[in-house]
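Below, chains carry the letters A, B, ... as their sequence lines are ordered, and counting in each starts from 1.
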Amino acid sequence: MRFGLSEEQTMLSDMLNKYLVANLPLDVVRASSEQTLHHNQEIWSGLLDQGIHSILIPEDYGGAGLSMLHSEVVSETLGKHIVPVSYLSNAVLSPLAILYAGSESQKEQLLPELASGSTSFGIALTDVVANRENTKLEINGNKVSGSATFIMAGENADKLILAAPGTLLIVDTKAAGVTMERLNTVDKTRDFSAVTLKDAPCELLGEIGSADDAIEKLLNAARISIAADSLGAADAMFNQALAYSRERFQFDRPIGSFQSIKHILAEMITDLEPCRSLLWYAAYAYDEVEDEAKLVACHAKAHISEMAKHVGRATTELHGGMGFTDLLGLHFWFKRIEVNRQLLGGPELQRHNAAVAQGWAPNAITAA
Amino acid sequence: MELNYGPEYDDFRAEVRHFCETEGKKTKSGALRMGENRPSQAAIDWQGQLIEAGYTARTIPKEYGGYGGTADIVKSLIIQEEFVASGTRSGIQNQGISMLVPTLLEVGTEEQKLKYIKPTINGEMIWAQGYSEPGSGSDLASLKTKGVVEGDNFVINGQKIWTSSAQYADMCFILVRTEPEAPKHHGISYLLMDMKTTGIDIKPLVTMTGDAFFNEMFISDVKVPVTSIVGQRGEGWRVANVTLKYERGMIGNPGMSAMGIRGVADLMEEETISGIRAMDMPVYRDRLLKLQGRSLANKYHGLRLLSNEINKEGMGVEGLIVKLSATYLSHEIYSLAVDVMGEFGTLYDGSAYQRQKDWMRQYLGSFMGIIGGGTSQIQKNVISERGLGLPREPLVKLDQNGWELIKK
C-alpha cells in the first residue's frame, strides 16, 4: 500500500519546478501580464521541450499515456509559478475532449498534432456548466451559429472546442463567420475570450448528442486540474508568508515569533496539507475508481477553492501594507486563485453537484 | 498510488472475517463509553478471546500477556476494517491500554512490565491519569504536586484535576515534582500510584454535558514506594511525553468524522421543517457538503499518513495537524445536527420529544477533543514551532514596573 506520488511523479514535479525557477521569475510573469495577450510563447516552447503537453495523450496517438495524477502534479507546479500559458486547454481538456468524444479518424489526426504541439486549441465549457448569458449554439449540418463565453486560451489558438448540451464541436479560429472578442479578467496570467459564430464551418466531435459522458468526464478533469492550479498557487503564497514571517522584524522580533502570526501560519498549513491528500485521491479516482470520481472531483474543487481563498487572504494580510501593493506582486497569485475559484463553477455549484452525485439533491447544475 | 494492501493480506482478512462472523456474532455489540464504568465480566471475557486470537494487544509480547505478534500496521487496519464492517464488538479501550502500556513497554523496568501490563490489557486493572493541575494546564511542566523521599517511599502532597476514571481506577500514573531545585522540565518524576492508598480524596468534576468523566484528586501525605518510579528521578517529563504521543494519536482519528457526516446526512433525510426535509433545503445541505469536503480531505490525509508509516517515510508537519483539524470538524458536524433540529435539538436529559440520537451531548462533548491533550492553541504552537520552525514566543517578566522581555 502506498498513498502518495511515485518517484516518477516527484521527478516530474522537480524537473518542472527547476525549469520554472530558472526561466519564470516574477518579472517575466509581470512582463507578460502587461502585454495584451498574456500567453508567453517562450515559456510555452520551453514547456513543450519538457514534454508536459502530451502526458494525457495515449501512446498510440503519439503521447506519453500517463495518468491524471501525473497531470495533477504538473498543474500544481504551474499554479505555483502562476505560469502564463494554458496547460489546461492545450494539454488536458482539448486532448481529452477529442479522446472521449472524437471518431477514430479525428483522434488519429488531431491527437498527434496536440502531442507535437503543432496545433493549439482553446476550449469553452462554461456555458454548459452555468450559462449566465443565455448563449446557444445552433448546429446545422457542418455549420454553426450562436455564441460562447469564457473560452480558455482561444485568442492565439488555431482551433476552438465548443460545447453545446450533449455535443462537442471544433471550429477554426480563422474561418469565415468566426468573430473572437477578448475578455479581460482580473487575472493577467491567462487569456479568455468569447466568440460569435455566423454560419461558421464546424466539425462535430463524434455525433450530435453523443458527448454527454465525455463532457461529464471533461468537467471532472477540469475540476481536478483547476483545483491543483489553486493548490499550487496557495502553496506558493503560504511559503512567501512563512519566509516573510522569519525575515520581517517589528518590535525587535521577527513577526513569526508572535503567536498571532504563528497561529495564522499553523492554520494555513492545517488547511493546506489535507487538500493535497484529497487532490491526489481525486486524481487517482479519476483513472481508477469510476463511481467516486465525480464526488471527489467536485469536493476537491470546492474545498481547495475555499482553503486557497483563506490562504490568499491570510498571506496578503500577513505582509501588511506591502501585501496590498503591485510591487510585491502577491496579487498575481491571489487573482489566479480567484479566477480558478469561479472557473467552471464556484464552490457552491461544485457542492451542489457533489450532493447530486450522492442522491442528496435532485438536479445537477450542468446542461450536460 | 497503490491502494491495495496486496494479495499476501487476503488470507489474513478472510481469517478475521471468519472470526467476526462466528465468534463475533456470539457477543453483544456496544462498546463502553469513555470513562463511564469498569468493563463488565462479559467485556473482560471477550477481551481475553480477542487477545488469544491476536485481534487486540497484538504486538504486546506473550510474557506480558499479549499476543506476541510482530508490528504490522496493515494487519491492524484490516482488523479494524472488518470489525467495523461487521459491527463486531471491539476490545476494551482505555487510557491504561492506549497510554500507559506503550509507555511501560518503552521505558518501564522488567518488573513493572510483568506486574502491570497483563492485568491492564485484560481489562481488569483500570488506570487514572494524574497530569493536569489547577495551575498547570497548557504549561503542564510547571506542576507543583510534591514528592519527597522518606525512607522507601515518596510522600506526595498536592492536587490534580481532569483525572479521568479516578472514581473507579485501581492505579494512577502521576507526575510529581521530586527535584524542586532543578529547572522545571527536569524536576518531575513519573510514578505509579495505588488508588487505594490512604490520603487520596476524589471529587467528581461535572462537565457541561452533565457527565462526570473527570475528577479532582486531592493528595495528602500519600506514600508511594520508590520502586514505583518509571524512568529515573527528574526524567518524568520525558516519560510523560512518550505517553502524550500516544494520546495525540487517540484524539485525532480522522475516520470519526466520516461517521458523523453519515449520521447528519441520515438525520437531514428524516427531519422535516414545515413538511420539507432538511436535506431538500439548500441552506442546510450546503453546510453538510462543506463539512463533507473537509471530512474527505482529512480521510485521505489519514491514508497518506498511514502510508508514510507503512513505508517508513518519516513525518513532517503533515503529521502534526490532525488533531487541530479533526476536533474542530467534529464540533461543526455536531453543531449542524443540532441546527437541523432547531428547538428540538436543544432537548436534553431524555426529554419528551427528544430525538433518539443525542447530538447535543456529542456537540457539548466535542470540547473534550478541542481542549484535551493540548488545546487547539497549544496545537498551533506545536505546528508552527516543531512543524514550521518558527521561534517560540519570548518570555516576559512582570513586576511593579510593568513587563519586560527576558533576553536569553
Side-chain angles (χ1 to χ4, degrees), chain A residues 1-6 9 67 69 242 245-246 251-254 256-259 261-284 287-289 295-296 298-304 306-307 347-348 350-355 358 360-362, chain B residues 1-6 9 73-74 77 254 265 268-269 279-280 282 285-286 288-290 292-308 310-311 313 316-322 324-325 328 376-377 379-385 387-394 405:
Chain A
M1 186 264 190
R2 191 193 156 78
F3 185 98
L5 300 181
S6 67
Q9 285 153 353
S67 69
L69 191 52
L242 182 60
S245 77
R246 288 193 176 119
F251 308 101
D252 299 326
R253 296 159 57 180
S257 69
F258 290 99
Q259 286 187 338
I261 302 292
K262 284 158 71 170
H263 286 192
I264 291 174
L265 289 160
E267 285 164 15
M268 282 198 252
I269 196 72
T270 301
D271 283 344
L272 276 180
E273 281 300 330
C275 283
R276 184 159 291 124
S277 310
L278 175 61
L279 192 56
W280 286 349
Y281 187 78
Y284 168 80
D287 287 327
E288 306 288 341
V289 197
L295 177 70
V296 281
C298 289
H299 269 309
K301 171 123 198 317
H303 184 67
I304 292 170
E306 304 281 25
M307 297 304 108
E348 286 77 12
Q350 300 301 342
R351 287 193 290 267
H352 179 74
N353 287 334
Q358 298 169 90
W360 288 349
Chain B
M1 209 58 126
E2 175 52 69
L3 298 191
N4 290 321
Y5 298 142
Y9 288 107
I73 189 163
V74 176
L77 209 65
M268 285 173 57
E269 289 185 321
M279 187 61 99
D280 294 335
R285 196 170 62 217
D286 193 55
L288 175 68
L289 269 292
K290 242 184 189 175
Q292 188 185 36
R294 195 179 271 277
S295 167
L296 282 176
N298 286 0
K299 172 182 164 184
Y300 296 116
H301 195 63
L303 272 187
R304 175 172 153 201
L305 298 183
L306 181 75
S307 165
N308 280 353
I310 292 173
N311 301 304
E313 283 171 349
V317 67
E318 69 270 26
L320 299 172
I321 62 171
V322 175
L324 179 63
S325 182
Y328 278 144
S376 291
Q377 319 318 317
Q379 299 304 317
K380 289 179 197 174
N381 280 353
V382 170
I383 294 164
S384 54
E385 286 165 19
L388 302 175
L390 289 169
R392 287 185 64 114
E393 185 96 356
L405 286 178

Within-4.5 Å side-chain heavy-atom neighbours: [X] and [Y]:
| X | Y | answer |
| --- | --- | --- |
| A/His303 | B/Arg294 | yes |
| A/Arg246 | B/Leu390 | yes |
| B/Leu289 | A/His352 | no |
| A/Tyr281 | B/Arg304 | no |
| A/Ile261 | B/Ser384 | no |

Exercise. Please flag which part of B/Val74 lies under 4.5 Å from any non-hydrogen atom of chain A: side chain, backbone, both or neither.
Key: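 No part of it gets close to chain A.
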Practice problem: Tell me, for B/Leu320 versus chain A, whether the close heavy atoms (under 4.5 Å) come from the side chain, the backbone, both or neither. | Solution: neither
Quiz item: Are the charged groups of B/Glu318 and A/Arg276 less than 4.0 angstrom apart, N to O?
Solution: no
Restricting to non-hydrogen atoms, name the atom on [X] and the atom on [Y] that form the minimum distance, rounded to 0.1 Å.
| X | Y | value |
| --- | --- | --- |
| A/Phe3 | B/Ser307 | N-OG, 2.8 Å |
| B/Ala297 | A/Leu278 | CA-CB, 3.8 Å |
| A/Lys262 | B/Arg392 | NZ-CA, 3.6 Å |

Going from [atom1] on [X] to [atom2] on [Y], what distance comes out if it is rounded to the nearest 0.5 angstrom?
| X | Y | atom1 | atom2 | value |
| --- | --- | --- | --- | --- |
| A/Trp280 | B/Tyr300 | CH2 | OH | 14.5 Å |
| B/Glu393 | A/Phe258 | CD | CZ | 7.0 Å |
| B/Gln292 | A/His299 | CD | NE2 | 3.5 Å |
| B/Arg285 | A/Gln358 | CZ | CD | 11.0 Å |
| A/Ser277 | B/Lys299 | OG | NZ | 12.5 Å |
| A/Met1 | B/Asn4 | CE | CG | 10.0 Å |

Quiz item: When only pairs under 4.5 Å are counted, which of B/Leu324, B/Leu288, B/Asn381, B/Ile310 shares the most heavy-atom pairs with chain A?
Solution: B/Asn381
Quiz prompt | Greatest number of heavy atom pairs closer than 4.5 Å to chain A - which of B/Met268, B/Gln377, B/Glu269 | solution = B/Gln377
Which bit of [X] comes within less than 4.5 Å of chain B, counting heavy atoms only: side chain, backbone, both or neither?
| X | result |
| --- | --- |
| A/Ala302 | neither |
| A/Ile269 | both |
| A/Gln350 | neither |

Quiz item: Who are the side-chain contact (heavy atoms from CB on, under 4.5 Å) partners of A/Pro254, not counting sequence neighbours?
Solution: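 A/Pro254: side-chain contact (heavy atoms from CB on, under 4.5 Å) contacts with A/Phe249, A/Ser257, B/Pro391.
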Quiz prompt | Whether over 12 other heavy atoms sit under 6.0 Å from A/Arg253 CZ | solution =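 Counting other residues, nucleotides and ligands, CZ of A/Arg253 exceeds 12 neighbours.
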Quiz item: Do you know which of A/Glu306, A/Arg351, A/Glu273 has the most heavy-atom pairs with chain B at a distance under 4.5 angstrom?
Solution: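 Top option by heavy-atom pairs under 4.5 Å: A/Arg351.
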Quiz item: For chain B, which of A/Ala355, A/Cys298, A/Ala300, A/Ala354 has the most heavy-atom pairs under 4.5 Å?
Solution: A/Ala355
